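The shown structure was predicted, so the numbers you read here are calculated from the model rather than taken from an experiment. A note on names: the letters A, B, ... follow the listed sequences, proteins ahead of strands, and every chain is numbered from 1.
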Amino acid sequence: MIAAMMASSYNAKEEDGHHSGSSSHGGAGAVKSKKPDNTAFKQQRLPAWQPILTAGTVLPAFFVIGLIFIPIGIGLYVTSNNIKEFEVDYTGVDINSPCYSCAKNFSWNSTQSCVCSVNFTLEQPFESNVFMYYGLSNFYQNHRRYVKSRDDSQLNGDLSALMNPSKECEPYRTNDGLPIAPCGAIANSLFNDTLDLYYVDSNSTKTPIPLAKKGIAWWTDKHVKFRNPSGNTNLTVTFQGTTKPVNWRKPVYELDPSEADNNGFINEDFIVWMRTAALPTFRKLYRIIQKKSGTTPTLPSGRYILDITYNYPVLSFDGRKRMILSTISWMGGKNPFLGIAYITVGSICFFLGVVLLIIHHKYDTRNNSADIPN
Amino acid sequence: CFIRYANCVGEENWVDSRTVYIGHKEPPPGAEAYIPQRYPDNRIVSSKYTFWNFIPKNLFEQFRRIANFYFLVIFLVQLIIDTPTSPVTSGLPLFFVITVTAIKQGYEDWLRHKADCSINECPVDVVQQGKVVRTQSHKLRVGDVVMVREDETFPCDLILLSSSRHDGTCYVTTASLDGESSHKTYYAVPDTMAFRTEQEVDSLHATIECEQPQPDLYKFVGRINIYKDKEEPVARPLGAENLLLRGATLKNTQHIYGTVAVYTGMETKMALNYQSKSQKRSAVEKSMNAFLIVYLCILISKAVINTVLKYAWQWSPDRDEPWYNHRTENERQRHVVIRAFTDFLAFMVLFNYIIPVSMYVTVEMQKFLGSYFITWDEEMFDEELGEGAQVNTSDLNEELGQVEYVFTDKTGTLTENNMEFIECCVDGNVYIPHEHEDLFFRALCLCHTVQVKEEETVDGIKRGIHQGRPTSFYISSSPDEVALVEGMKRLGYTYLRLKDNHMEILNKDDEIERFELLHVLNFDSVRRRMSVIVKSSSGEYLLFCKGADSSIFPRVVSGKVEQVKARVEQNAVEGLRTLCVAYKRLSTSEYEEACHHLTEAKLALQDREQRLAQAYDIIERDFVLLGATAVEDRLQEKAADTIESLHKAGMKVWVLTGDKMETAAATCYASKLFRRSTQILELTKKRTEEQSLHDVLFELNRTSFFFFCSRLSVDCLDFGLIIDGATLSAVLKPNQEGAAHGNYREIFLEICRNCSAVLCCRMAPLQKAQIVKLIKASKEHPITLAIGDGANDVSMILEAHVGIMGKEGRQAARNSDYAIPKFKHLKKMLLVHGHYYYIRIAELVQYFFYKNVCFIFPQFLYQFFCGFSQQPLYDTAYLTLYNISFTSLPILLYSLVEQHVTIETLKREPSLYRDIAKNSLLRWPVFLYWTCLGVFDAVIFFFGAYFLFDNTTFTSNGQMFGNWTFGTLVFTVLVFTVTLKLALDTHHWTWINHFVIWGSLLFYVIFSLLWGGIIWPFLNYQRMYYVFMQMLSSGPAWLSIILLITVSLLPDVIKKVLCRTRSEKVVSVELELRNVDT
């Protein structure tokens, strides 16, 4: 791209071949000559490509960029528009919202979990795989105190770190004299709402939609970066002598009662949470709804019920909780930004090309007429 | 550099002169009171450090530099308080820089130690108790009697007592002191010159009184008192001709005895002369420091803004401590003021990279390595002299591209200093035989200080020269004298030699005439003449004098003055150097009187110079004019071309010469300093005699200013100013005549500013320096360059920003910052090398600030999205390596090899030099542009990534990325943009550029792959694990990287196209050159 912007011309200079050999090799004079070597480098005469950046040479580059960027932008924009996305805010701020009471009556000490249901309708069917996210707003996962509050060697299965977590985890390092596993603020604040999705058909019967929890975390995280201490056999024994994070209801080895392989540090929900988000408003992958075989859409249009086990308080810091359903293309989720940006930049380049062409043309004619008398 | 020896002798003991007891013998009773004085031993100490104090002293010196100190403070802050980045990020680069500098300085000092050692331990022969004892040099003490053999160097400053030659002389070269390789004659004291053996020398009972050490190599006053058998001591004068200097070498003399006279060790004239020169700072360095202060302000204000916003934002406890993110107990108990202060420091640490350590290292490396291109330049090598350009300091490279005033010496710099005898005029007739003629030629044969170079034949027998031998030649410090003596030889009068104080001349009839040389009244630049007093074989006393016409004519009482004067003036107009010759006969009584005056003056310990001058003045008067000579000094090749180029490049060229006005003006016309169209303004003594200085100045100012204003329309008129030494000193004289005249200086400067060429003639050496100083101190503070070849130019060279040397001796070369063999090389030196160095370092400085704004500004923006918590955007490895490795090499290479236009274009189009005049690439608007560009790019990087990450996913498997991917994306765009920006600025792509630019990008990618590729043991975090690979596996990440790079580079490309930094002129010249090539 850069090369195309420049008029290129190789200007390989010949090295002047007049080596005055005798003087440069001492010779009969016996006086060592101080004559410098006649090498291209020392004489600053290395052959060089000398691009000249002028209106005439940059013009085509602008047009080329414009012509490449605009189609890419259009493609991205169309792709992004074809992606279906649905979002439900279930925080329960509004008095009419179904989770209002759950949000209001939240207490850390209650043993009974509060359940609320949100009804919503999908106008259009969702084809192919659908990805279910939970989104949090105003939640500073990127706060410095928060980001560093973890012990990667503990999470990697290091036994000494398990019993003696890093100081960075303070004040979530020990509880009642026992080391916390997993330690730190990030682990302590693990998102623990449970979301279940039901399809309501025309007969008002609730059909649960199967939600897959495999493949929501990076493969390398699940298999390399996060490891349970001393293999995966009998986690209860392994974690003996440690205690669960203060805010957790269950210890780490009981995170997923349904699947034995998904417990301990390699629980995928846990791994997803441990990758701290870049911005205070973020979403995290919760479940995947696999496409059914045949032509039926993964999520047909119609009425749905979202059952929420409301465990996670966000109102205290003015946060919001959302559930997002989204299809995915090769370029990810719905994001018109990239397409629009490409179209804009392409258009600007094209426009600049035109402007420059006019300027260049005018300047050139003026210049030529000035040159003629010389 | 030598450390000046600290004189620890108390105030009361400090005296104007010192007394040395030869052989440490007690003075005889009745002599003056014995004042014991302590002298240093003969140890030379040039090293700075010892083994023990190296580390503390070196560290102290390094941290005295403000930049190093700043980084040390940052490092300590990181160690003490809890900061966002680990101390390694600033400690490692600092450690690297400090270590490299310490190793370099340590090595240099070790070399100095070794050199000192070999000097201090070299064997020396000392006469003790009548025997020659071998000892080590550093054990010599003041008063020791030393024996020196042929080709040995003197171990300290010695007074010559006796020599193996019968006439009590010895020959010495002072090549290592002042570079003059000719043999100089030194004389023994007459009373001791007969000593032949150690015993005789040891029996000497004498004291030497002399002045305290001072650095002037050519000045020495002293007195030797010789005690013989209870008689009154005999006092003899000692002068510079008796003092053998440390560092000089004995030649053509088997051995000598000398006493360690005055000065040992660090008090020798050689050591005193190695005082470090005053540091000259370049304009670029000054602007760099100004920019640094701006960035420091930016840094502090960023930190303050963020701290204030942080406390405003976290006013509500929900934000300060939400349930998911509690503080530790310790932190909670800390007072809020302390918390705020540590937060401020933490922000400082987070943003401290905006002032990079590596910039200083890179600038120094650029200067050091870059200066090699000057010494390597083959075009600046002179086959004849066998020497190329030489760089004595690399600190001023870029200053060569900023020169506004060039002060040049005339003789030897503009001209060849290869004198050729053209004609002589005897009694007004141009060489027509006459009765006076014989005397005239004899005068020229006798009145000089020329030495005859003795030739050595194969069998080692030394022979004098013979007439007609092609191998014989004359040596003198003045080329004029050689030209004259050789000219006389052609006319039939050959000067043979000086033997036993008799000058021998072979006259026309092949007879040898002998004249006894009684006195030489040496040449000096104030008197501008020299004389000899000789006694002819017939017993007649004759005084011959030759000198500048202005100093001879007023002292002439008879002779054909008018005719000679006319001829002299005609010759001067033709650009020839003229000398007048006169003589007078002395009666015996007159001679005695003259002798008396001279001896008295020579014996004086105080004010010897003035008294000598007075004596000379009394003796040199009432001459009979004999005639005049004319010597041609040809212009150096391409001198005119060079001056023309310098003019076109917008430099003002001043010629400063001691020559007379007409000669100098002729040279100036020949060298195209003045053209036919130049209007000459004269400010000479002749004119100020008619009008008052005041009126002349105002008139000239009016003329020049009026025309200068109107010149905008008619640009063919330019002005040349001629000023002479007398008028100059009147102009520069501090205002004695009331305040109204105090602004002569200003008016003079005003006139000079409007003149493209100035000729200052009849200048004394010190006046040359004064002029340079005057211009340098004027309100624009222009950058000056002085070029000269003689010892009389040294003061001017030291004063100017950049000094350059020539041929007459090496003293000028030694004191200059750059030395070139010929005047014509100045063109390439300034127009090509100077230009390149300037644009290179300017880009280097601007680019460094730019890339660090790009680097740090996104971190600043990120604080607004992470609750002002000082969360770094980039990983520690990236923070540390950004300036050290990812972006360091391309700019270093650029600053070494960039050629924005070709060498040929620069040479052909000197006016291109004007484009960079007055530090144009480092002015505030340019700096502002770069900073704004940096901020713009940083905003693009950050918000580009922000909108891409904004609440969505951009992987095809729906998985999410975290904050480290965000930072890595910004960082990747940053590294690519910053490197490609440099690629856009590169106009000269050699294979090395390709290699380094693409290589460093490749290195970044490979490093990132490796850094995220494995779980690093011994590292307490694994946050970068697979982050880079995951990012690259996503299509939108690629697309946005390309998009953001394009957008960031776009403004600069548009600016380049619109501003057309390369003027059409350059392009046309370049195209023309290319057409010639093909």
Colleague: Given a strict heavy-atom distance threshold of 4.5 Å, which part of A/K334 is in contact with chain B: side chain, backbone, both, or neither?
Modeller: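 Backbone only.
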Colleague: Thinking salt bridges, do A/R283 and B/D950 make one under a 4.0 Å N-O criterion?
Modeller: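 No, A/R283 and B/D950 are not salt-bridged.
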Colleague: Mind checking what makes disulfide (SG to SG under 2.5 Å) contact with A/C349, not counting sequence neighbours?
Modeller: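 Counting only residues at least two positions away or on another chain, A/C349 forms no disulfide (SG to SG under 2.5 Å).
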Colleague: Please test A/Q50 against B/H987 for side-chain contact (heavy atoms from CB on, under 4.5 Å), starting from the C-alpha separation and ending with a verdict.
Modeller: CA-CA 5 Å; A/Q50 289 159 311; B/H987 294 101; 5.9 Å; no
Colleague: Where on A/N138 is there a heavy atom nearer than 4.5 Å to chain B: the side chain, the backbone, both, or neither?
Modeller: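 Backbone of A/N138 only, per the 4.5 Å heavy-atom cut-off to chain B.
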Colleague: Determine the minimum heavy-atom distance between A/P171 and B/H326, stating which atoms define it.
Modeller: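 Nearest heavy atoms, A/P171 then B/H326: CD-O, 3.5 Å.
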Colleague: Could you check which of A/T281, A/L279, A/V345 has the highest count of heavy-atom pairs closer than 4.5 Å to chain B?
Modeller: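 Of the options given, most contacts go to A/L279.
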Colleague: side-chain contact (heavy atoms from CB on, under 4.5 Å) for A/T220 and B/M1029? Distances and angles first, verdict last.
Modeller: CA-CA 11 Å; A/T220 46; B/M1029 270 82 95; over 6 Å; no
Colleague: Looking at side-chain heavy atoms only, is the closest gap between B/F966 and A/N142 below 4.5 Å?
Modeller: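 Sidechains of A/N142 and B/F966: no contact.
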Colleague: Do you know which of B/P322, B/G867, B/P84 has the most heavy-atom pairs with chain A at a distance under 4.5 angstrom?
Modeller: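 The residue among B/P322, B/G867, B/P84 with the greatest pair count is B/P84.
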Colleague: Please evaluate residues B/Y1025 and A/W218 with respect to the criterion ring-ring contact (aromatic ring centres under 6.0 Å, His included), reporting the C-alpha separation (whole Å), side-chain torsions for both, the decisive distance (0.1 Å), and the verdict.
Modeller: CA-CA 11 Å; B/Y1025 185 65; A/W218 293 11; 8.9 Å; no
Colleague: Side chains of B/T953 and A/F131: does their closest heavy-atom pair fall under 4.5 Å?
Modeller: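 The answer is no; the side chains never approach within 4.5 Å.
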Colleague: Please tell me if the side chains of B/W323 and A/S189 come closer than 4.5 Å, counting only heavy atoms from C-beta onward.
Modeller: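 When only atoms from C-beta onward are counted, A/S189 and B/W323 do touch, with a gap below 4.5 Å.
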Colleague: Work out which heavy atom in A/Q43 is nearest to a heavy atom in B/I903; give both atom names and the distance.
Modeller: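 Shortest heavy-atom separation between A/Q43 and B/I903 comes out as O-CD1, 4.1 Å.
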Colleague: Can the ring centroids of B/F954 and A/W330 be said to lie less than 6.0 angstrom from one another?
Modeller: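 That pair fails the under 6.0 Å test.
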Colleague: Does the distance from a Lys or Arg side-chain N to an Asp or Glu carboxylate O, for A/R145 and B/D82, drop under 4.0 Å?
Modeller: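 Looking at B/D82 together with A/R145, the answer is no, because their closest N to O distance does not fall below 4.0 Å.
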Colleague: Step by step, work out the ring-ring contact (aromatic ring centres under 6.0 Å, His included) result for A/Y140 and B/W313.
Modeller: CA-CA 13 Å; A/Y140 284 83; B/W313 182 81; 5.0 Å; yes
Colleague: Run the side-chain contact (heavy atoms from CB on, under 4.5 Å) check on B/W376 and A/N38 step by step: do they pass?
Modeller: CA-CA 8 Å; B/W376 282 338; A/N38 183 12; over 6 Å; no
Colleague: Quick one: do B/R327 and A/E170 make a salt bridge, cutoff under 4.0 Å?
Modeller: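 Between A/E170 and B/R327 there is no salt bridge, as every charged N stays at least 4.0 Å from the carboxylate O atoms.
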Colleague: Which heavy atom in B/N963 sits nearest to a heavy atom in A/A277, and how many Å separate them?
Modeller: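 So the two residues come closest at CB-O, 3.7 Å.
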Colleague: Would B/I992 and A/L46 count as a side-chain contact (heavy atoms from CB on, under 4.5 Å) if you check the C-alpha gap in whole Å, the side-chain angles of each, and the deciding distance to 0.1 Å?
Modeller: CA-CA 9 Å; B/I992 315 175; A/L46 279 178; 3.6 Å; yes
Colleague: Using a 4.5 angstrom heavy-atom cutoff, name the option from A/K284, A/R275, A/E85, A/H143 with the most pairs to chain B.
Modeller: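 Between A/K284, A/R275, A/E85, A/H143, the count favours A/H143.
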Colleague: Salt bridge (Lys or Arg N to Asp or Glu O under 4.0 Å) between B/E379 and A/R45: does it pass, once the steps are laid out?
Modeller: CA-CA 12 Å; B/E379 279 176 46; A/R45 289 188 186 281; 3.0 Å; yes
Colleague: With a 4.5 angstrom heavy-atom cut-off, could you sort out which part of B/T375 is near chain A: side chain, backbone, both or neither?
Modeller: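 Looking at B/T375, just its backbone touches chain A.
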Colleague: How about A/V224 and B/Y1026: do any of their side-chain heavy atoms sit closer than 4.5 Å?
Modeller: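 SC-SC contact between A/V224 and B/Y1026 ruled out.
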Colleague: By a 4.5 Å heavy-atom criterion (distance strictly below it), what part of B/V832 contacts chain A: side chain, backbone, both, or neither?
Modeller: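 When you check distances to chain A, no heavy atom of B/V832 falls under 4.5 Å.
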Colleague: Counting only non-hydrogen atoms closer than 4.5 Å, does A/L76 touch chain B with its backbone (N, CA, C, O), its side chain (CB onward), both, or neither?
Modeller: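 Looking at A/L76, just its side chain touches chain B.
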Colleague: Tell me whether the centres of the aromatic rings in B/F373 and A/F41 are closer together than 6.0 Å.
Modeller: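 Ring centroids of B/F373 and A/F41 are less than 6.0 Å from each other.
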Colleague: At a heavy-atom separation under 4.5 Å, does A/Y312 approach chain B through its side chain, its backbone, both, or neither?
Modeller: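 When you check distances to chain B, only side chain atoms of A/Y312 fall under 4.5 Å.
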Colleague: Please classify the contact between B/E329 and chain A as side chain, backbone, both or neither, with a heavy-atom cut-off of under 4.5 Å.
Modeller: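 Neither the backbone nor the side chain of B/E329 comes within 4.5 Å of chain A.
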Colleague: Out of B/L1039, B/L948, B/D318, B/D377, which one racks up the most heavy-atom pairs below 4.5 Å with chain A?
Modeller: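 Option with the top pair count is B/L1039.
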Colleague: Quick one: are B/H994 and A/W49 in side-chain contact, heavy atoms under 4.5 Å?
Modeller: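 Yes, at least one pair of side-chain atoms sits under 4.5 Å.
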Colleague: For B/F868, which atoms come within 4.5 Å of any heavy atom of chain A: side chain, backbone, both, or neither?
Modeller: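 For B/F868, there is no contact with chain A at all, as no heavy atom is under 4.5 Å.
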Colleague: Answer with side chain, backbone, both or neither: which region of B/T955 has an atom nearer than 4.5 Å to a non-hydrogen atom of chain A?
Modeller: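 Answer is backbone: N, CA, C or O of B/T955 sit under 4.5 Å from chain A.
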Colleague: Is there side-chain contact between B/T952 and A/F282, with at least one heavy-atom pair below 4.5 Å?
Modeller: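 In short, these two side chains do not touch, never coming nearer than 4.5 Å.
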Colleague: Would you mind checking which part of A/I324 comes under 4.5 Å of any heavy atom in chain B, side chain (CB onward), backbone (N, CA, C, O), both or neither?
Modeller: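 No part of it gets close to chain B.
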Colleague: Sort out for me which of A/S149, A/G319, A/A341, A/P313 touches chain B most, counting heavy-atom pairs under 4.5 Å.
Modeller: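 Between A/S149, A/G319, A/A341, A/P313, the count favours A/P313.
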Colleague: Can you tell which part of A/L352 gets under 4.5 Å to a heavy atom of chain B, answering side chain, backbone, both or neither?
Modeller: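 Side chain only.
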Colleague: Chain B: which of A/S329, A/A278, A/A161 shares the most heavy-atom pairs with it under 4.5 Å?
Modeller: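 Sorted descending by pairs with chain B, the first entry is A/A278.
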Colleague: Under 4.5 Å from any heavy atom of chain B, what part of A/L155 do you find: side chain, backbone, both or neither?
Modeller: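 Neither part.
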Colleague: Using heavy-atom distances under 4.5 Å, tell me whether B/Y862 contacts chain A through its side chain, its backbone, both, or neither.
Modeller: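 Side chain only.
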Colleague: Between A/F139 and B/Y324, does the ring-ring contact (aromatic ring centres under 6.0 Å, His included) criterion hold? Intermediate values first, please.
Modeller: CA-CA 9 Å; A/F139 190 102; B/Y324 56 85; 3.8 Å; yes
